[in-house]
Enquirer: 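Quick one: this structure, given as structure tokens, is what I'll be asking you about.
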Amino acid sequence: YNAATKLQLAEVHEMCYETIRNLIVSSNCIAIFRLADREGWDNLREDAWEHCLTNFMHVIQSVGFLEAPKELVLELLDQDRLCPSIGDEECASPGLHEKAILDAVLRYTEIQGTQEDFLVKMLKAVRLPLIVKDELITLKVKFQNEGQSLAAEVVNEALVVHRHMSVPSINLSDLKWKRPRAVVSK
């Protein structure tokens, strides 16, 4: 790809690009994104990023996700378009989808040995109020028992939002935490 670019061999360059683009799958899209980002291959970078977003429920099950740099995972988690594709039965509701994202964050932070301050950043990117209240209470207790008071506080904030979601006079629609992510059609 680089050689074709340097030699200005447009056809070879395009063939290389198409070959790599066609190899993008959920297990390697993060690696291809990082490669394309490092090499300055903007189109390939965009294609890999798009695959990450539209197939995130499969991406989070890959080793590539667990090995990704923290900043990249945080950038992914912050995306409104990070959503199950139409037809993903395992995420028929926003709450189930966010629970799957939360589980991936917890798995990631456990494997990476992430410090609490970064865990807090990641938790804030998850739409916690969309998750079932009992799950949040269990998570808060877990964090409290582990001495992670800042993480427990983030979960407590989500529980407060949970309580106010049922009060019609309070408008929470502008809170990113309350909004479900947009559905992406394949």
Side-chain angles (χ1 to χ4, degrees), residues 1-88 90-91 94 96-128 130-131 148 150-151 154 176-177 179-186:
Y1 193 86
N2 277 344
T5 302
K6 287 178 184 173
L7 296 174
Q8 297 180 342
L9 300 173
E11 289 179 22
V12 175
H13 180 272
E14 186 61 29
M15 284 176 33
C16 292
Y17 165 73
E18 285 299 322
T19 300
I20 296 172
R21 188 176 68 77
N22 289 332
L23 293 173
I24 298 173
V25 293
S26 297
S27 62
N28 70 11
C29 60
I30 290 176
I32 291 176
F33 171 84
R34 292 178 64 202
L35 171 70
D37 189 49
R38 184 177 59 245
E39 297 297 330
W41 304 333
D42 294 337
N43 290 341
L44 187 60
R45 180 184 186 277
E46 289 173 22
D47 290 341
W49 185 253
E50 187 65 24
H51 189 92
C52 289
L53 295 178
T54 58
N55 297 282
F56 191 70
M57 298 314 292
H58 301 287
V59 172
I60 60 177
Q61 297 170 16
S62 73
V63 173
F65 173 78
L66 297 174
E67 294 175 345
K70 296 172 187 174
E71 296 76 19
L72 179 58
V73 171
L74 189 57
E75 187 177 348
L76 274 168
L77 293 173
D78 203 38
Q79 299 297 308
D80 276 342
R81 291 188 49 236
L82 186 64
C83 185
S85 300
I86 293 172
D88 281 357
E90 70 267 17
C91 292
L96 290 175
H97 178 247
E98 290 301 320
K99 174 67 169 97
I101 293 173
L102 173 62
D103 291 344
V105 163
L106 296 175
R107 199 170 49 252
Y108 179 87
T109 56
E110 182 180 319
I111 287 173
Q112 290 285 332
T114 304
Q115 299 296 320
E116 186 181 17
D117 62 334
F118 200 81
L119 170 62
V120 166
K121 288 180 186 178
M122 295 180 85
L123 287 173
K124 286 182 177 184
V126 178
R127 314 271 164 95
L128 292 174
L130 298 176
I131 297 172
Q148 295 181 318
L150 296 175
V154 171
K176 179 180 178 178
W177 261 18
R179 282 193 327 266
R181 299 175 196 267
V183 174
V184 178
S185 58
K186 286 187 178 178

Enquirer: Considering only heavy atoms from C-beta outward, does the side chain of Asp37 approach that of Arg34 to under 4.5 Å?
Expert: no
Enquirer: Could you tell me which non-hydrogen atom of Val59 sits nearest to which non-hydrogen atom of Phe65, and how far apart they are?
Expert: O-CB, 3.2 Å
Enquirer: Quick one: does Asn55's side chain get under 4.5 Å of Cys29's, heavy atoms only?
Expert: no
Enquirer: Could you check whether any side-chain N or O of Tyr108 sits under 3.5 Å from a backbone N or O of Ala68, counting only pairs where one atom can act as donor and the other as acceptor?
Expert: yes
Enquirer: Less than 4.5 Å apart, side chain to side chain, heavy atoms only: is that true for Leu76 and Val73?
Expert: no
Enquirer: Which residues pass the side-chain hydrogen bond (donor to acceptor under 3.5 Å, both in side chains) test with Arg107, not counting sequence neighbours?
Expert: none
Enquirer: Quick one: pull up OG in Ser62 and CD in Glu67 and give me the separation to the nearest 0.5 Å.
Expert: 8.5 Å
Enquirer: Just how far is it from atom CG of Leu128 to atom CG of Leu130, taken to the nearest 0.5 Å?
Expert: 8.5 Å
Enquirer: For the CG atom of Leu102 and the CG atom of Leu77, what is their distance to the nearest 0.5 Å?
Expert: 10.0 Å
Enquirer: Mind checking whether Leu119 and Val154 have side chains closer than 4.5 Å, heavy atoms only?
Expert: no
Enquirer: Crowded around Lys70 NZ? As in, over 12 foreign heavy atoms under 6.0 Å?
Expert: yes
Enquirer: What's the shortest heavy-atom distance between Ser26 and His51, and which atoms?
Expert: N-NE2, 3.1 Å
Enquirer: Counting C-beta onward and ignoring hydrogens, is there a side-chain heavy-atom pair between Val120 and Asp117 closer than 4.5 Å?
Expert: no
Enquirer: Got a second to check how far Ile30's CD1 is from Leu35's CG, nearest 0.5 Å?
Expert: 14.0 Å
Enquirer: Restricting to side-chain hydrogen bond (donor to acceptor under 3.5 Å, both in side chains), what partner residues turn up for Thr109, sequence neighbours left out?
Expert: none
Enquirer: Heavy atoms only: give me the nearest Arg21-Glu18 pair and the separation to one decimal.
Expert: NH2-OE1, 2.7 Å
Enquirer: Find the distance between CE (Met122) and CG (Asp78) and round it off to the nearest 0.5 Å.
Expert: 11.5 Å
Enquirer: May I ask you to decide whether Asp103 forms a salt bridge with Lys99, counting only side-chain N to carboxylate O separations under 4.0 Å?
Expert: yes
Enquirer: Rounded to the nearest 0.5 Å, how far does CG of Leu44 lie from CD1 of Ile20?
Expert: 5.5 Å
Enquirer: Is the side chain of Glu116 donor-acceptor paired with the backbone N or O of Leu150 at a distance under 3.5 Å, no angle test?
Expert: yes
Enquirer: Under 30°, 30 to 60°, or over 60°: which ring-plane class applies to Phe33 and Trp49, parallel, tilted or perpendicular?
Expert: tilted
Enquirer: Hey, are the side chains of Gln79 and Cys52 touching, using non-hydrogen atoms and a 4.5 Å cut-off?
Expert: no
Enquirer: Taking 4.0 angstrom as the limit, do Arg127 and Asp80 come out as a salt bridge?
Expert: yes
